[in-house]
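Structure first, then comments.
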Amino acid sequence: MASRYLSYTTVEQLHQHIGQAVTLHGWVQDKTGKGKLTFIKLRDGSGMVQCVVFAPNVDERVATDAKSLSQESSLAITGTVRAEERAPGGVEVDVTDIKVYQLASEYPITPKEHGVEFLMEHRHLWLRSTRQHAIMRVRAAVVKAIRDFFDERGFKLMDSPILTPNACEGTSTLFETEYFDLGKAYLTQSGQLYAEASAMALGRVYTFGPTFRAEKSKTRRHLTEFWMVEPEMAYFDLNDDMDLAEDFVEYIVQYCVQHCRKELETLGRDISKLEKVKRPFHRMSYTEAVEWLHANNVKLNKKQPDGSEIQIDFPWGEDFGAPQEEALMTQFDKPCIIHRYPTEVKAFYMKRDPENPQVVLAMDMLAPEGAGEIIGGSQREDDHDALLERILHEGLSQEDFQWYLDLRKFGSVPHSGFGLGVERTVKWITGAEHIREVIPFPRMIYRIVP
RNA sequence: UCCGCAGUAGCUCAGCUGGUUAGAGCAUCUGACUGUUAAUCAGAGGGUCCGGGGUUCAAGUCCCUGCUGCGGAGCCA
């Protein structure tokens, strides 16, 4: 592709240049030598290629430069592209010239193994490693799939504010900051309420941005700062919402299968499992799920007042924890939507099921292979008085939510939406062990550096 | 926040029932080698045994305490 600003070749394009002279710009991923031969593994962001320097064939200066190269030194390499069966990418470069930009010294991340703490402290450098490189490319593909999916279906991007005056859901803890003379402001934990207002203006919208939770969660599924995409649709009921969520997740996964095959192979991901992620997904109500837990003897660990733990039959009305969700998903090899949860465990803005006021029209999507919850959504309460009653019942301030209540006074309609956690989705697709690997610079309860 | 585990060379770790000079591999530096890809071979340098206190003739090892990190739970996407 001709370009005004890209005057050099990238590793990705090398197979189109066999037999030609090219100049590559990148970093030394690794170097080995054998006598008069020096092998430089060059990484340039698009991929990696081995470059071969044979001392008798080049200037003495080039041979010396090649020998002096250290891991992560930056350089430009000029040479001839040659098809090479032994090379992983099928090509090698016979070097004729080297221009060193900077010689790195004592790069801390070696080709050997490292501990998590060490790698996290060097996250800014860890991102250069093959595995992290592959994960970040999948992440970029997931984000593109998300945008394409909604943009191609007539949804409008309507970003929600990050600084907010109050909580969307009373439960979670919020990051707090001073806001001039207006008192406290909080970092958003969901753009949903604003997405609802946007949907009443534009019909079908989505908001996409970072969200913040000051919960002291310490698990491999939690970050304090994570990205969430939240579509909101006027005139959608819960079934429409679930259908859309299904289409959406199928689209993202299949997009990655198609466009990130190389990356997924690098990660050792079993792609056949992702290929199975096609509609229809499984669906069951909360009540059916509880019955399944009973039938399969999955118990709930309950803490006693004296601190000891006992196992009891899972009581209807309790929210599922990670052990229950994991048990439920063992039977499925594609996602499962669980719907109609008990009113008490869900947020105030969810609409009660007209057929059973004990439950709300909520739905969560659980991903297979232990990935857990990736989507939470619901049909929203569209009746002014019912919503007000829920707000007061939760002990929330009517004044804070006046603008939100207004949406039910001026042309209220049935509407629904959901939120998908980008990092949880990338974690599932890449098969990463821990969520900290799937965002460039993770923010966690005990880590904010780098 | 609660429960459990760990901290020894730049990195990953070993170090027995407390015992005299603290170990390996990788990384780094020097040298050899025309096909390496976690190269190989020969050599060299490299330590506040997490901090503080205690027990003991003697502590990397035992006890107390603090700090840091890891795994899990709860909360959630």
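In what follows, chains carry the letters A, B, and so on, assigned in the order in which the sequence lines appear, proteins first and then strands, with residues in each chain numbered from 1. These values consider heavy atoms only, across backbone and side chains, with no hydrogens, waters or symmetry-generated copies.
- Nucleotides B:G45 and B:U36 have their C1' atoms positioned 27 Å apart, rounded to a whole Å.
- Distance, A:I337 CD1 to B:A77 C1': 15 Å, rounded to whole Å.
- The base of B:G35 sits within donor-acceptor range of the side chain of A:E92, with an N or O pair under 3.5 Å.
- Taking the six-membered ring where the residue is Trp, the centroids of A:F320 and A:Y286 are separated by under 6.0 Å.
- Using a 4.0 Å heavy-atom cutoff across all strands shown, A:I374 reaches sugar-phosphate atoms only and no base atom.
- The separation of B:C49 from B:C62, taken at their C1' atoms, amounts to 15 Å, rounded to a whole angstrom.
- For A:L37, whose side chain is taken as the heavy atoms from C-beta onward, the closest listed nucleotide among B:G69, B:U34, B:G74 is B:U34.
- For A:K334 and A:F281, the positive end is not near the middle of the six-membered ring at less than 6.0 Å and at most 45° from its axis.
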Please report the C-alpha distance between A:K276 and A:E250 in whole Å, then the side-chain angles of each, then the deciding distance to 0.1 Å, and finally whether the salt bridge (charged side-chain N to carboxylate O under 4.0 Å, His left out) criterion is met. CA-CA 9 Å; A:K276 285 184 199 150; A:E250 180 194 74; over 6 Å; no
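- Side-chain contact between A:E121 and A:R447 is present, with heavy atoms from C-beta onward closer than 4.5 Å.
- Taking atom CD1 of A:I435 as the reference point, atom P of B:G71 lies 13 Å away to the nearest angstrom.
- Scanning residues 46-66 of chain A for heavy-atom distances under 4.0 Å to RNA chain B yields A:Q50, A:F54.
- Heavy-atom distances to RNA chain B give each of A:G376 and A:R86 a nearest nucleotide, and the one nearer the 5′ end belongs to A:R86.
- If you check B:U1 for Watson-Crick or wobble pairing at under 3.5 angstrom, you find it paired to B:A73.
- Between the C1' atom of B:G10 and the OH atom of A:Y107 lies a distance of 14 Å, rounded to the nearest Å.
- Following rounding to the nearest Å, A:E106 (CD) and B:G46 (C1') show an atom-to-atom distance of 10 Å.
- Figure legend. B:A6 is base-paired to B:U68; pairs are counted as Watson-Crick or G-U wobble with both atom distances under 3.5 Å.
- In terms of polar N and O atoms assigned as donor or acceptor, the side chain of A:H114 never comes within less than 3.5 Å of the base of B:C11 in a complementary pairing.
- The nucleotide B:G35 finds no pairing partner, because no Watson-Crick or G-U wobble arrangement with both distances shorter than 3.5 Å includes it.
- Residue pairs meeting the ring pair (Phe, Tyr, Trp, His ring centres under 6.0 Å) criterion with at least one partner in residues 23-73 of chain A, sequence neighbours excluded, are A:Y8-A:H25.
- One C1' atom belongs to B:A77, the other to B:A38, and the distance between them is 38 Å to the nearest Å.
- A:D364 has a carboxylate O that lies under 4.0 Å from a charged side-chain N of A:K346, or vice versa, which qualifies the two as a salt bridge.
- Stacking between A:Y446 and B:G69 is absent: the aromatic ring centre is not both under 5.5 angstrom from the base six-membered ring centre and within 30 degrees in plane angle.
- Taking the charged nitrogens against the carboxylate oxygens, A:R139 and A:E423 do have a contact shorter than 4.0 Å, which makes a salt bridge.
- Taking the charged nitrogens against the carboxylate oxygens, A:E12 and A:R137 do have a contact shorter than 4.0 Å, which makes a salt bridge.
- As judged by a 4.0 angstrom heavy-atom cut-off over every strand, A:L420 is placed among residues making no nucleic acid contact.
- The two atoms that bring A:V49 and A:E92 nearest to each other are CG2-CA, 4.2 Å, heavy atoms only.
- B:C13 and B:C75 have their C1' atoms separated by 36 Å, with the value rounded to a whole Å.
- Contact annotation: A:R221 does not reach the phosphate of B:G71 (side-chain N/O to OP1 or OP2, under 4.0 Å).
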Between protein and nucleotides 41-45 of chain B, what N or O pairs are separated by less than 3.5 Å?
none

Evaluate the criterion side chain to side chain contact (heavy atoms under 4.5 Å, CB included) for residue pair A:M136 and A:E437; output intermediate values, then yes/no. CA-CA 9 Å; A:M136 288 308 131; A:E437 280 191 90; over 6 Å; no
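- For A:D243, the salt bridge (Lys or Arg N to Asp or Glu O under 4.0 Å) criterion is met by A:R283, not counting sequence neighbours.
- The stretch residues 117-135 of chain A touches RNA chain B through A:E117, A:F118, each having a heavy atom within less than 4.0 Å of the strand.
- The nucleotide B:U55 finds no pairing partner, because no Watson-Crick or G-U wobble arrangement with both distances shorter than 3.5 Å includes it.
- The base-pairing partner of B:A27, taking Watson-Crick or G-U wobble contacts with both distances under 3.5 Å, does not exist among the strands shown.
- Ring centroids of A:F149 and A:F155 are separated by 6.0 Å or more, keeping the two rings apart.
- Contact annotation for A:P323: backbone-only contact, meaning every heavy-atom pair under 4.0 Å involves sugar-phosphate atoms and none involves a base.
- A donor N or O paired with an acceptor N or O is found under 3.5 Å between the base of B:C75 and the side-chain atoms of A:S217.
- Of the C1' atoms belonging to B:G15 and B:A9, the separation is 14 Å, rounded to the nearest Å.
- For A:E325 and B:A73, the CD to P distance is 11 Å, given to the nearest whole Å.
- In the set B:U37, B:A77, B:A73, the nucleotide with an atom closest to the side chain of A:K218 is B:A73.
- When rounded to the nearest whole Å, the span between CZ of A:R447 and C1' of B:C70 equals 11 Å.
- For A:A322, the listed nucleotide lying nearest its side chain is B:A73; candidates were B:A73, B:C70, B:G35.
- Regarding contacts with the backbone of B:U37, every side-chain N or O of A:K41 stays at 4.0 angstrom or more from both OP1 and OP2.
- Comparing the P positions of B:G47 and B:A22 gives a spacing of 12 Å, expressed to the nearest Å.
- Counting non-hydrogen atoms under 4.0 angstrom, A:T219 reaches a base of the nucleic acid.
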Acceptor/donor pairs from residues 72-81 of chain A side chains to any protein atom, 3.5 angstrom cut, sequence neighbours excluded:
{"unit_1": "A:E72", "atom_1": "OE1", "unit_2": "A:R43", "atom_2": "NH1", "d": "3.4"}
{"unit_1": "A:E72", "atom_1": "OE1", "unit_2": "A:R43", "atom_2": "NH2", "d": "3.1"}
{"unit_1": "A:E72", "atom_1": "OE1", "unit_2": "A:R128", "atom_2": "NH1", "d": "2.8"}
{"unit_1": "A:E72", "atom_1": "OE2", "unit_2": "A:R43", "atom_2": "NH1", "d": "2.8"}
{"unit_1": "A:S73", "atom_1": "OG", "unit_2": "A:S70", "atom_2": "N", "d": "3.4"}
{"unit_1": "A:S73", "atom_1": "OG", "unit_2": "A:S70", "atom_2": "O", "d": "3.0"}
{"unit_1": "A:S73", "atom_1": "OG", "unit_2": "A:S70", "atom_2": "OG", "d": "2.8"}
{"unit_1": "A:S73", "atom_1": "OG", "unit_2": "A:A104", "atom_2": "N", "d": "2.9"}
{"unit_1": "A:S74", "atom_1": "OG", "unit_2": "A:Q102", "atom_2": "N", "d": "3.2"}
{"unit_1": "A:T78", "atom_1": "OG1", "unit_2": "A:T23", "atom_2": "OG1", "d": "3.0"}

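- In this entry the distance linking OH of A:Y341 with P of B:C76 reads 11 Å, nearest Å.
- Taking a cutoff of 4.0 Å between a charged side-chain nitrogen and a carboxylate oxygen, A:D241 and A:R380 do not qualify as a salt bridge.
- Residue contacts for A:K216: at a heavy-atom cut-off of 4.0 Å it reaches a base atom on one of the strands shown.
- Using a 4.0 Å heavy-atom distance criterion, A:G33 is classed as a base contact.
- Of the residues A:M233, A:E232, A:K351, the one that meets the side-chain contact (heavy atoms from CB on, under 4.5 Å) test with A:H415 is A:E232.
- Rounded to the nearest Å, the gap between the P atom of B:A73 and that of B:G18 is 37 Å.
- Residue contacts for A:D30: at a heavy-atom cut-off of 4.0 Å it reaches the sugar-phosphate backbone alone, with no base atom in range.
- Nucleotides B:C2 and B:C11 place their P atoms 30 Å apart, quoted to the nearest Å.
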